[in-house]
Amino acid sequence: QWVYNILEKKAEADRIVHENPDPSNGFVLVPDLKWNQNQLEDLYLIALVHRRDIKSLRDLTAEHLPLLRNVLQEGKEAIVKRFGVPGSQLRIYLHYQPSYHHLHVHFTALGYDAPGSSVERAHLLADVIDNLAMDSSYYQQRALTFPLRADEPLFKKFQEAGKV
């Protein structure tokens, strides 16, 4: 609901850094709640797409390339304009597994070791775009490895299924 409240401007409307209102290829860029916006060393923003039918990386196909390219380009432009941080100094990625199932993209300062920014969980947006441009069903077919903590419910389901 938190995501929908932001997209519908029922919450945090004053925190929006950038918005592309297009219903298919648009998104809202907001500072992550983990970032206090006082220093750029731990810059952290989230792009929330307007589309509600894309839950995670697994749902993406070549159809979504215009959306993903908009997020990448416009997100970088908005961050350099507002914060003076160029795209070359950003890590732009999606999580798999995501912490919530509404497609969102993380923008963090390159030097910031943000939670979940390691290779096991983070998929660089530029790589996602390239993979989908080569194979539209790449993320439906590819095995995706990801870490889980022992106390996570999904880990317990894997244990019960004998997959761990």
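Excluded from the calculations below are hydrogen atoms, water molecules and symmetry mates; all remaining heavy atoms, backbone and side chain alike, are included. Quick note: residue numbers are just sequence positions, from 1.
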(request) Compute the centroid of each ring, for Phe27 and then for His18, and state whether the two points are separated by less than 6.0 Å. (result) yes
(message) For a 4.5 angstrom cut-off between non-hydrogen side-chain atoms, does Val17 reach Pro31?
(response) yes
(message) Rounded to the nearest 0.5 Å, what separates atom CG in Leu132 from atom CE in Met134?
(response) 9.0 Å
(request) Identify, with sequence neighbours excluded, every residue that meets side-chain hydrogen bond (donor to acceptor under 3.5 Å, both in side chains) alongside Lys157. (result) none
(message) I'd like to check the salt bridge (Lys or Arg N to Asp or Glu O under 4.0 Å) partners of Glu12; sequence neighbours left out, ordered by chain and number.
(response) Arg15
(message) Please find the pair of heavy atoms, one from Arg91 and one from Leu110, that lie closest to each other, and give the distance.
(response) NH2-O, 3.1 Å
(message) Going by ring pair (Phe, Tyr, Trp, His ring centres under 6.0 Å), name the residues that satisfy it together with Tyr4, two or more places apart in sequence or in a different chain.
(response) His102
(request) Could you tell me whether the side chain of Asn20 reaches within less than 4.5 Å of the side chain of Asn25, counting heavy atoms only? (result) no
(message) Using only atom types and a distance under 3.5 Å, with no angle test, would you say the side chain of Gln140 pairs donor to acceptor with the backbone of Leu60?
(response) yes
(request) Could you check His104 against Val3 for side-chain contact (heavy atoms from CB on, under 4.5 Å), going step by step and ending with a plain yes or no? (result) CA-CA 10 Å; His104 59 284; Val3 171; over 6 Å; no
(message) For the CG atom on Asn36, are there more than 12 heavy atoms of other groups (residues, nucleotides or ligands in this structure) within a distance under 6.0 Å?
(response) yes
(request) Please name all residues satisfying side-chain hydrogen bond (donor to acceptor under 3.5 Å, both in side chains) with Arg58, sequence neighbours left out, ordered by chain then number. (result) Tyr96
(message) Test side-chain contact (heavy atoms from CB on, under 4.5 Å) on Asp135 and Gln141; report intermediate values, then the result.
(response) CA-CA 10 Å; Asp135 179 356; Gln141 298 176 15; 4.1 Å; yes
(request) Identify, with sequence neighbours excluded, every residue that meets salt bridge (Lys or Arg N to Asp or Glu O under 4.0 Å) alongside Lys81. (result) none
(request) List in chain and number order the residues that pass ring pair (Phe, Tyr, Trp, His ring centres under 6.0 Å) with Phe83, two or more places apart in sequence or in another chain; answer none if no residue qualifies. (result) Trp35
(request) Compare every heavy atom of Leu29 with every heavy atom of Ala78, then report the nearest pair and how far apart it is. (result) CB-CD2, 4.0 Å
(request) Would you name the heavy atoms of Ile129 and Leu65 that are closest together and state the gap between them? (result) O-CD2, 3.6 Å
(message) Between Leu94 and Tyr112, is there shared hydrophobic-cluster membership here, with clusters defined by ILVMFWY side-chain heavy atoms closer than 4.5 Å?
(response) yes
(request) State, yes or no, whether a side-chain contact exists between Leu68 and Val71 at a heavy-atom distance under 4.5 Å. (result) no
(request) Hey, could you give me each pair passing salt bridge (Lys or Arg N to Asp or Glu O under 4.0 Å) that has a residue in residues 37-51? Not counting sequence neighbours. (result) Arg51-Asp53, Arg51-Glu63
(request) Return each pair, listed once, that meets salt bridge (Lys or Arg N to Asp or Glu O under 4.0 Å) where at least one residue sits in residues 16-34; pairs must be two or more places apart or across chains. (result) Lys9-Glu19, Asp32-Lys34
(request) Could I get the full list of side-chain hydrogen bond (donor to acceptor under 3.5 Å, both in side chains) partners for His95, not counting sequence neighbours? (result) His106
(message) Tell me the closest heavy-atom pair linking Asp151 and Lys156, and the distance in Å.
(response) CA-NZ, 4.3 Å
(request) Taking all non-hydrogen atoms of both residues into account, name the closest pair between Lys76 and Ile92 and its distance. (result) CG-CD1, 3.6 Å
(request) Please check if Val80 and Ile46 belong to a single hydrophobic cluster, counting links between Ile, Leu, Val, Met, Phe, Trp and Tyr side chain heavy atoms closer than 4.5 Å. (result) no
(message) If the condition is side-chain hydrogen bond (donor to acceptor under 3.5 Å, both in side chains), which residues does Arg82 pass it with, not counting sequence neighbours?
(response) none
(message) Per the ring pair (Phe, Tyr, Trp, His ring centres under 6.0 Å) rule, what does the pair list look like for residues 54-74, sequence neighbours excluded?
(response) none
(request) Given side-chain contact (heavy atoms from CB on, under 4.5 Å), test Asp59 with Leu103 step by step and report yes or no. (result) CA-CA 9 Å; Asp59 294 329; Leu103 189 72; over 6 Å; no
(request) For the residue pair Leu90 and Leu43, establish whether any side-chain heavy-atom pair is separated by less than 4.5 Å. (result) yes
(message) Suppose we screen for ring pair (Phe, Tyr, Trp, His ring centres under 6.0 Å). Which residues come up paired with Phe107, at least two apart in sequence or across chains?
(response) none
(request) Give the minimum heavy-atom separation between Ala62 and Pro66, together with the two atoms involved. (result) O-CD, 4.2 Å
